[in-house]
Student: 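One structure, pasted below without further comment.
Counting starts at 1 for both ligands and their atoms, following the listed order.
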Amino acid sequence: MKNFEIKMQEKVNQIETVINTYLPQEEGEQKTVIEAMNYSILAGGKRLRPMFMLETYRMFGGNEKVIEPFMAAIEMIHTYSLIHDDLPAMDNDEYRRGRKTTHVVYGEAIAILAGDGLLNYAFETATKAFLDCNLSIDSYKNIGKAIQILGKKAGIYGMIGGQTADIIAEETQQKLSMEQLLFIHENKTSALIQASMMIGAVLAGADDIELQKIEKCAYNIGIAFQIQDDILDIIGDEKALGKPIGSDEKNNKQTYVSLKGLEKSKEEVKKLSEEAVEILNNCNGDSEFLKALVLQLIYREK
Ligand code: GRG
């Protein structure tokens, strides 16, 4: 796609404007926790989940503001998961998005609360979609369905489920089968991408068959994204990534790369991404940018 980088940056700017609109004011007795929440969410990041959400919404013909609170909500949930994942009880990481992690700056207790705060505020924010007084009955139903998808894919049948399996695998050091590894990736990583794209589809009025296609497409994107993440943890550039590499080896973590090797992993990223593009080709609507985004992620360096 021509000028992809420029278009991508424009879209990131638009997304950040939307996110900023929904951030809580840093005031009151709870000011410290709100500062920690905003510190993390404003640290940057690629904003891929709101981008996948908005682009899927547009592909299915959506053009209303109802998508905006959900774009902010998904980034809040993603950011909470990073704050908690970086805690000493989990990965114990000192850098994220090129900055000191939240617990390093604010202390562990406030970091836990900031994560909790973002998760709750995400749902408070998503329900603001109901406040538009010109909504049709179908829109009400779609917003309800979108909130349900958000809860499920971020929860025990999604990201929290995957993170639990990941932590148990790390603690017990039992050898993982490919099926177990894919369970972890599907839930820890694909689930929030599935939530993003499915919410975009649902709010634009996509039917159940289209929704299933999008769920599978986002599954592939998520697995490819995770394998690429594991590849970058070995051969990536620390400056571009904004965090140190080699953490999987340090934590004795089993990854797609440790199971299959670097070359096979790279091939798999490409194959999964091309399959995702094929699914998008079979959906109605303009998916030119979405497809370019998926293909660009194969070669991402951060
Ligand atoms: C604590 C419930 C809980 C879950 C943690 C997000 C997560 C699950 C763990 C972080 C570590 C990790 C490798 C997660 C897989 C998903 C992933 C690659 C997240 C990083 O997403 P990016 O690259 O981050 O989109 P930015 O900073 O660009 O937003």
Student: For atom 25 (O) of ligand 1, find the nearest protein heavy atom and state the residue, atom name and distance (0.1 Å precision).
Tutor: R49 NH1, 2.8 Å

Student: Can you tell me the protein heavy atom closest to atom 15 (C) of ligand 1 and the distance?
Tutor: Q226 OE1, 3.0 Å

Student: Under 4.0 Å from any heavy atom of H84, which atoms of ligand 1 are there?
Tutor: 1 (C)

Student: Inspect the contact between E288 and K7 and indicate whether a charged nitrogen and a carboxylate oxygen are less than 4.0 angstrom apart.
Tutor: no

Student: Between K270 and E274, is there a salt bridge with N-O shorter than 4.0 Å?
Tutor: yes

Student: Apply side-chain contact (heavy atoms from CB on, under 4.5 Å) to I41 and M76, showing your working.
Tutor: CA-CA 7 Å; I41 208 160; M76 288 175 196; 3.7 Å; yes

Student: Can you pull out the closest protein heavy atom to atom 2 (C) of ligand 1? Residue, atom name and distance to 0.1 Å, please.
Tutor: Y80 OH, 3.6 Å

Student: Numbering the atoms of ligand 1 from 1, which are under 4.0 Å from a heavy atom of T189?
Tutor: 15 (C), 16 (C)

Student: Salt-bridged, R47 to E75, with N to O below 4.0 Å?
Tutor: yes

Student: Quick test: of every protein heavy atom, which one is nearest to atom 24 (O) of ligand 1, and how far off is it to 0.1 Å?
Tutor: H78 NE2, 3.5 Å

Student: Counting only N and O atoms by type, is there a donor-acceptor contact under 3.5 Å from the side chain of S258 to the main-chain atoms of T255?
Tutor: yes

Student: In terms of atom number and element, which parts of ligand 1 are under 4.0 angstrom from non-hydrogen atoms of G45?
Tutor: 26 (P), 27 (O), 28 (O), 29 (O)

Student: Would you mind listing which atoms of ligand 1 come within a distance below 4.0 Å of any non-hydrogen atom of K188?
Tutor: 8 (C), 12 (C), 14 (C), 15 (C)

Student: Does ligand 1 come near enough to K46 that some N or O of the ligand is less than 3.5 Å from an N or O of the residue?
Tutor: yes

Student: Using a plain distance cutoff, I'd like to know if Q163 has any nitrogen or oxygen under 3.5 Å from a nitrogen or oxygen of ligand 1.
Tutor: no

Student: Out of I41, D229, T164, who is nearest to atom 13 (C) of ligand 1 when you count heavy atoms only?
Tutor: D229

Student: Would you say ligand 1 has an N or O under 3.5 Å from any N or O of R96?
Tutor: no

Student: Just go through G222, S81, G161, A89 and tell me whose heavy atom is the nearest to atom 7 (C) of ligand 1.
Tutor: S81

Student: What about R97: any of its N or O atoms under 3.5 Å from an N or O on ligand 1?
Tutor: yes

Student: Please name the pair of heavy atoms, one in K291 and one in V277, separated by the smallest distance, quoted to 0.1 Å.
Tutor: CD-CG1, 3.8 Å

Student: Do T102 and S40 have side-chain N/O donor and acceptor atoms under 3.5 Å apart?
Tutor: yes

Student: What residue and heavy atom of the protein are closest to atom 10 (C) of ligand 1, and at what distance?
Tutor: D85 OD2, 3.1 Å

Student: Between M53, K145, R49, M71, which is the residue that forms a side chain to side chain contact (heavy atoms under 4.5 Å, CB included) with I199?
Tutor: M53

Student: Could you tell me if K188 and Q163 have a donor-acceptor pair between their side chains, going purely by distance under 3.5 Å?
Tutor: no

